[in-house]
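Read through the structure below, which is laid out as C-alpha cells, and then see the notes.
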There are 2 protein chains.
Amino acid sequence: MPEQSSASRRDELLSIAAGLFAEKGFKNTTVRDIADAAGILSGSLYHHFDSKESMVDEILRTFQDELFAAYDEVLASDDDPRTKIERAVRLSFESIDQHPNAVAIFQNEADYLGGFERFGYLAERNAQSRNVWMTLLTDGVETGALRADLDVTLTYRFIRDTVWVAVRWYRPGGGLSHEAIANQYLTILLDGIARDGG
Amino acid sequence: MPEQSSASRRDELLSIAAGLFAEKGFKNTTVRDIADAAGILSGSLYHHFDSKESMVDEILRTFQDELFAAYDEVLASDDDPRTKIERAVRLSFESIDQHPNAVAIFQNEADYLGGFERFGYLAERNAQSRNVWMTLLTDGVETGALRADLDVTLTYRFIRDTVWVAVRWYRPGGGLSHEAIANQYLTILLDGIARDGG
DNA sequence: GTCTATAAGAAGATAGAC
DNA sequence: GTCTATCTTCTTATAGAC
C-alpha cells in the first residue's frame, strides 16, 4: 500500500515540523531544520509538501477542524449553562494535552499569519470561537448561573486567553494531568481565590 | 546639543522598531521595514545601532528595569498581603498601558530569545518575577487572606499568564482604561465569576 | 522517497561619500 | 545623520538523477 506508507511519512514529517514551529517559531524554523530533524535533505521535503507555508497550514487546519467539532458538540447538547461552560473549558485543556504543538503554533503565529489571504480562515475561526463563548456566557448570566453584573465580553477574552496560555507551561505526561489543571482552573474561575466570605 | 538630538533620534527609531517587532514579530521585521517606517535607508540604521538584535535588546532591558523597580517598591512596602497582590496586579496592567510594545515583544519573543547567551537576562528576570509572586501569594495564604488550600505555584502561573496576555487585546486610549481592566480582573480573580453562594 | 546541484531572492551588515 | 553601493550569507524552492 504505497499510499498508506506515503501518508504516514507525511504525518511524521508534519509532526516533526510542528514540534519545531512550536518550539522556535515558524519563521525561526528553516526547511533545513525540519529536514535535519527528519534525517533527510531539505530538497526532499518538497516531494511531500508544496512549501513551508503549506506545512503550517495543514497543521493548523487539522487542529482547528477537530477543536470546533468538539465545541459544536457541547453547544448542541442539552446540558445546563454552567455544565456547558465547564465542558468547554475541559475540552480546551484536553486539546492542549492532545495537540500541544498545534495549540502553541496557533497561539504564537495566528495573529501574524492571519493577515495573509491564505490564512484568512484563522480570523473566521477566531470569530466562531467568540460566538461559542459569548453564547455560553450569555446563557449563563440569563439563567442566573453566573453573576448578573458580569462583563460578558471581558470575561470571554479572559477565559479564552487564560485557558490557551497554559500551553506555555503545560507538558503532557508531566506531574499534572490536564484534568487536574482544568479542575484547578475552574475552581479559580468559578469561585475565586479569595477566602470564603473574605 | 548634538548628544541630546542624537539620543532623541535613537529613541524615535527604537520606538518605531518596537512597534514593528510587536506587530509582526522580531524575525518577521526586517531592518528595511524599520528604515522604511522611519523614512531612511536601512544602512543608516547602523549609524545608531550595532545590529537588529541590539535594538530589541535595548527595548527589553529598558522595559524590564522599570518594571522590576516597581515590583521591588511593592515588596518593600508595609501594605498587607492582599493589598500588595492588588498593587502588583495594577502596576502590571499599568505597564501594559505604558509600554504595550515592549510587553508584547517580551511575551512573544522571550522564550525563543532567552535561549541565546546575549538574552540570558530574560531567564533571570523570569526567575525574579516568580520569586516576587510566590512571596506575595505565600504571605497571602499564611495570613489567611487567601484560601488555605490554594495551589500557590499554579496560581502564580495563572496570574502571570492571565495578566500579561491582556496585551493581546488591550489598546491604550481605547474605551477601557487600564485601571478599569485591573478592577475587573481583580474581581474575577478574587471573587470568582460564580453567583454568590451558588 | 531521497539525493545532488543549484537557482533566485531576501536579509543583515559594511565602507566610504556627502 | 543619511545615502550610495555592495558584500555575504542564509533561505526557500526547483530540476533531474538514482
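Below, chain A is the first sequence line, B the second, and so on; all start at residue 1. What's counted below: heavy atoms across the whole structure, side chains too, no hydrogens, waters or symmetry copies.
Here the P atom of nucleotide D:dA5 and the CD1 atom of B:I40 are 18 Å apart, to the nearest Å. Look at CD on B:E12: it is 14 Å from C1' on D:dT2, rounded to the nearest Å. Atom CZ in A:F49 sits roughly 15 Å away from atom P in D:dT12 (whole-Å rounding). Following rounding to the nearest Å, A:D36 (CG) and C:dC3 (C1') show an atom-to-atom distance of 14 Å. Rounded to whole Å, atom P of C:dT6 lies 15 Å from atom CG of A:L41. As rounded to whole Å, 14 Å separates atom P of C:dA10 from atom NZ of B:K24. The separation between A:D33 atom CG and D:dT11 atom C1' is 11 Å, rounded to whole Å. Note: NZ (B:K27) to C1' (C:dG12) measures 10 Å, nearest angstrom.
By the side chain to side chain donor-acceptor pair (under 3.5 Å) test, B:D80 pairs with B:T83, sequence neighbours left out. Applying the side chain to side chain donor-acceptor pair (under 3.5 Å) criterion to B:H178, with sequence neighbours excluded, gives no partner residue. Checked against side chain to side chain donor-acceptor pair (under 3.5 Å), A:Y46 has no partners two or more places apart in sequence or in another chain. Partners of B:E94 under the salt bridge (Lys or Arg N to Asp or Glu O under 4.0 Å) rule, at least two apart in sequence or in another chain, do not exist in this structure. With sequence neighbours left out, the salt bridge (Lys or Arg N to Asp or Glu O under 4.0 Å) criterion links A:D78 to no other residue. Considering only residues two or more places apart in sequence or on other chains, B:D57 meets the salt bridge (Lys or Arg N to Asp or Glu O under 4.0 Å) condition with B:R61, B:R118. In terms of the side chain to side chain donor-acceptor pair (under 3.5 Å) criterion, B:R157 has no residue partners (sequence neighbours excluded). With sequence neighbours excluded, the residues that form a salt bridge (Lys or Arg N to Asp or Glu O under 4.0 Å) with A:R125 are A:D65.
The side-chain tip of A:K24 does not point at the ring of B:Y112 from less than 6.0 angstrom away and within 45° of straight on.
Ion pairing of B:R87 with B:D79 is present here, as a side-chain N (NZ or NE/NH1/NH2) and a carboxylate O approach within less than 4.0 Å.
With ring centers used as reference points, A:F68 lies under 6.0 Å from A:Y71.
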* For DNA chain C, what is the dot-bracket line, given that a base pair needs Watson-Crick (N1 to N3, plus N6-O4 or O6-N4) or G-U wobble (N1-O2 and O6-N3) geometry with both distances under 3.5 Å, and | means paired with another strand? -> ||||||||||||||||||

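Between C:dT2 and A:R9, a contact under 4.0 Å exists linking OP1 or OP2 to a side-chain N or O. The side chain of B:H47 places an N or O atom within less than 4.0 Å of a non-bridging phosphate oxygen (OP1 or OP2) of D:dG1.
Sequence order on DNA chain D of the closest nucleotides to A:N28 and B:G39 puts B:G39 first from the 5' end.
Residue pairs meeting the salt bridge (charged side-chain N to carboxylate O under 4.0 Å, His left out) criterion with at least one partner in residues 165-188 of chain A, sequence neighbours excluded, are absent.
A heavy-atom distance below 4.0 Å to DNA chain D is reached by none of the residues of residues 109-119 of chain B.
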* Structure fact -> Protein-proximity profile, nucleotides 13-18 of chain D, B/S/- by nucleotide at the 4.0 Å heavy-atom cutoff, equals BB----

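Nucleic acid contact class of A:S54 (heavy atoms, under 4.0 Å, all strands): none.
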